[in-house]
Amino acid sequence: MLISYNWLKDFTNLKDSPQRLAEKLTMAGIEVSSLEKRKDDFIYNAEITPNRPDLLCAKGIAREAACLTRSKFYDPLSSTVDTQSIGGNIDIEVKQKKACPRYNATLIKNIQVKVSDEKITRRLSALGLRPVNSVVDITNYFLLGWGQPMHAFDYDKIEGRKIIVRYANKGEKLLALDGKEYELDETILVIADAKKPIAIAGVIGGVGAEIGLETKNVLLECAGFDTILIRKAARKLGISTDSSYRFERGVPVTSVGEIALAAASFIQKKAGGKIIDNLDVSNLQVKKVTCTLRFSEIKRILGINISQDDVKKILVSLGFIIENEVQDSLEVTTPFFRRDVKREIDLIEEIARIYGYDKMPSTITKVSSGQIDNYKSLSGVVDETIRFAFKRKIHQSLCACGLNEIITYSMISDKESAVFGFKSDEVVKLQKALSSQQEIMRPTLLSGLMQALSWNINRQIDDIGVFELGDIFINQNHKFTEKLNVAFGLCGRKYINDWKHKPKEVDFYDLKGILEDFLDHLGIKDVQFLECEEPYFSKGAGAKVNYKNKTIARFGKLAAEVISVYDVDKDIYAAEVYIEDILGDMCLKKKFKPIAKFPAVTRDLAIIVKSDLSTREIIDKIRVTGKHLIKEVTLFDVYEGKQIPPGYLSLAFSIKYQADDRTLIDEEVDEIQTRIQKVLVENLKAQIR
Amino acid sequence: MLKEIKELQKTAFSELNKAQLLEDIEKVRIKYLGRKSKLSQILKGLKDLTVEQKAEVGKVANIFKRKISQEIEVKITALNEANLWPKIDITIPGIKNARGHIHPITKTIYEICDIFTSLGFNVVEGPEAEKERYNFEALNIPLDHPARDAFDTFYLKDDLLLRSHTSPVQVRVMEKEKPPIAIIVPGKVYRPDAVDATHSFMFHQVEGLLVDKNITFSDLKGTLSVFLRKMFGKEVKVRFRPHFFPFTEPSADLDVSCFVCNQKGCRVCSDTGWLEVGGAGMVDPEVFKAVNYDYDEFSGFAFGVGVERIAMLKYGINDIRLFFENDYRFLKQF
């Protein structure tokens, strides 16, 4: 909101410089974000928090400024009319008394609408309002000066000379002063004449009863409306006006009468004419808000000792009334314009704000009751802390594999979720998406992974390894679930920018190696690798990992249909691990195993087998045959080609033998090795090379 | 003959001295010590000498042989040693293992959480898809109130929305646990803002909450001053400015002195000399009421900071979109 420094001086004998005042306002919660010199004035741009509608005018800011600078505060407002003496000339019917607790109308006749004088036009323009004419400008002048939105109707254009405050009928329309036609309905409160709406209550007036230079008689509206109602109407119609902005936040109804007459007098003075009548329809009982302020509570919340006198001074200068004072507390009544202050804590905030946050001490506390018992009661929290530790471990683990972390948007397009095989009843849609690119909560992290890969590939960055750790959202058996997943992907080559090694295209086994390492690092042992038919993997190049009879990961080469959605035509190898399902099994604890005391013996074994035989089966056979003496079986060469018949593979294993209790002798190892060879030949039709 | 040998020794040593390369030394060796060497030639004449003379010449010849061989050895060793170094061009880049990088947002979150865990806080997370009660009502944000404007929200279905701040986790924890509570809550939040250099519909926050007996606004100031100075450097000034949040009372905005311009005024701080980095306040009694805490017994403070904002300030990043584009040239810088 814009504030004129000079205007503040109408209300207070300010002595502080504009800069100094801006600082003080900022440090009292009215953040002045910029200050601009304009001719002989200074214009502040300040942020007014939604709890302080009283500050949406010069008077409100001036009151605060007077308090902060210890200056006097006064209101120059005066009316020359005696409200008691008139009545009977205006016809008003308020049909919705709750929605419109107060409606005040003043009839001024025989005016002459002109251009406003220089002082008013200058002030309005400085604060961003376009001067219109001497009547409309005065309503705006009171809006900016006293915070009271008002509306002036051309009395002669009001059909039947009757004002009705009612809800609109469905289908009614209003051509408003902003030039737009609004379609109304029965949730929107309107000011109507005998036939039709002439204004949307508290929001905007209609063109029909607009004040023009030809206007002779003016009906000046000064009213109070329900905040929620105005907010809903403004939102529904998609408009926000200076009037609706203030009504939404709350305009005090108590002062409506005085301001109406003061404004009317002002119009009389500036545009001539005569106040004929003023009618005030009020259904309002203003309740006094009083609360007790204990000094001990100030100390308990703020941690400061502030003298009783200072407390009283602050409150009084902000317009609060001290009703009663006993030894350790005050009885305080809130002024009508401070509806935000209702409780003791609200009063404490007022004191803190004016006393100055910067004057309060800085202390640091230990959680007082941090005994073991109490930490026990925090068990739920401790579990959560471990979850965070797991996440950190995942980050470290994948980073150590040379992958770079990415963070992608949690919303994806319909097309993306479909290409990864999710049906529409499995995914969770946003009710109101910002765009079709982001309308579905991601059911997989692979989509974001592809987005990131695509972004880079399109910028000639082709050799990539990335991972993302984040939540996915799905309807599982018609129940909404949010789960933690991790995904990683590779494309292009490794050993690039390396003069010693030749670059090598990454493949399935690079991906699998990372996955194996990763699971091992998390303490997930004894997993099974199985083929997987998911259509988002290329045929024959998809796999899954089972653990305790559950699939905990899927990985492989992404299918052409998938990557084409992202305009990518390179081979992408990607994995997704369903972390949520293994969190309980993940292990941060490590247990030390004694290092073997006796030397190991290593023997190589080369065999030729049919190429469709799974290597897993061969290794299992070797291990079963050699029992506990085999510590490690490593596949170190795979060969097909010359000397190997088609349909066969040559595999070379290195077998490490070791006993825990003695040094193995050659004969013993030879004996086992021979037995293994025999088993492989007999059971797997292997041929020993 | 003795004279001849002495001559030979002289030329041999002078040639050896001149020899710079291994080949040259080898030539010298062959020339003076080989089977067809000059010495052999000279010694062929031995048969014409007397026994005494033979012994004398033999001795001299042997000394010559030993001396020259020794000298050759020394020379070769020295040369080999010297050759050892120039063989490695130390300016050729080393062979690097591919190093992964943690996203700057994650890095910043860890940094913030580490500071608070060192102060005794526990890290807690909550769901991104949240119930209305936790996101709004229990935090004293009423429906249809302008205070809600700042918390515009994506809805998934009735009573399920994407949290617009991390504060719901406060309520979740307080509902489950009794004080003392000291938690720090990192996470993603969502608000339907159009994307530009400073706005994103998805971003990250870190929320904190401390509830116990006798927690005061001064504790809030002290704790957060420690945090901000650990985060931004000992020399930064910290400022607490009154503000409004529905779930705290009194409330404050957190500012640090602009470390870009040292408060001389710059674009980053809009010439104010201060950078807003978060919000804080004493937990509002209404929030305690929502979780059945006795306000007369307990008090506490809560705070929240924007992770992107902090990361942007810390690393000098000028566009929030960079965080979510995941450009390799960006990621590899952290």
Exercise for the section: Establish, from distance only, whether the side-chain atoms of T408(A) and E468(A) form a donor-acceptor pair under 3.5 Å. Expected result: yes

[X] versus chain B, the contacting section by heavy-atom distance below 4.5 Å:
X	answer
F473(A)	side chain
T26(A)	both
E482(A)	side chain
D346(A)	both
R343(A)	side chain
K429(A)	backbone
K391(A)	both
S33(A)	backbone
E344(A)	neither
I461(A)	side chain
D463(A)	backbone
Q451(A)	neither
E297(A)	side chain

Exercise for the section: Output the option from K432(A), R353(A), K299(A), M441(A) having the highest count of non-hydrogen pairs under 4.5 Å with chain B. Expected result: M441(A)

Problem - Option in I228(A), D498(A), N456(A), V32(A) with maximal non-hydrogen atom pairs under 4.5 Å from chain B - result: N456(A)

Please check if the side chain of [X] supplies one atom and the backbone of [Y] the other of a donor-acceptor pair under 3.5 Å.
X	Y	answer
R163(B)	E132(B)	no
Y328(B)	G465(A)	yes
S257(B)	W274(B)	no

Side chain, backbone, both or neither of [X] within contact of chain A (heavy atoms, under 4.5 Å):
X	answer
S200(B)	side chain
K188(B)	side chain
P93(B)	both
S225(B)	side chain
R99(B)	backbone
F154(B)	side chain

Please confirm whether the ring centroid of [X] lies under 6.0 Å from the ring centroid of [Y].
X	Y	result
F227(B)	F116(B)	yes
F467(A)	F518(A)	no
F203(B)	Y190(B)	no

Exercise for the section: With R300(A) as the cation and Y295(B) as the aromatic partner, state whether NZ or CZ is under 6.0 Å from the six-membered ring centre and within 45° of the axis. Expected result: yes

Practice task
Identify whether NZ of Lys or CZ of Arg in R321(B) sits under 6.0 Å from the centre of the six-membered ring of F323(B) and within 45° of that ring's axis.
Solution key: no

Handout entry: Ionic contact status for E248(A) with R235(A), cut-off 4.0 Å
Key = no

Exercise for the section: Assess whether salt bridge (Lys or Arg N to Asp or Glu O under 4.0 Å) is satisfied between R241(B) and E276(B), documenting all intermediate values. Expected result: CA-CA 10 Å; R241(B) 185 164 41 75; E276(B) 187 189 322; 3.7 Å; yes

Practice task
Could you have a look at S251(B), C113(B), P192(B), A252(B) and say which one has the most heavy-atom pairs with chain A under 4.5 angstrom?
Solution key: S251(B)

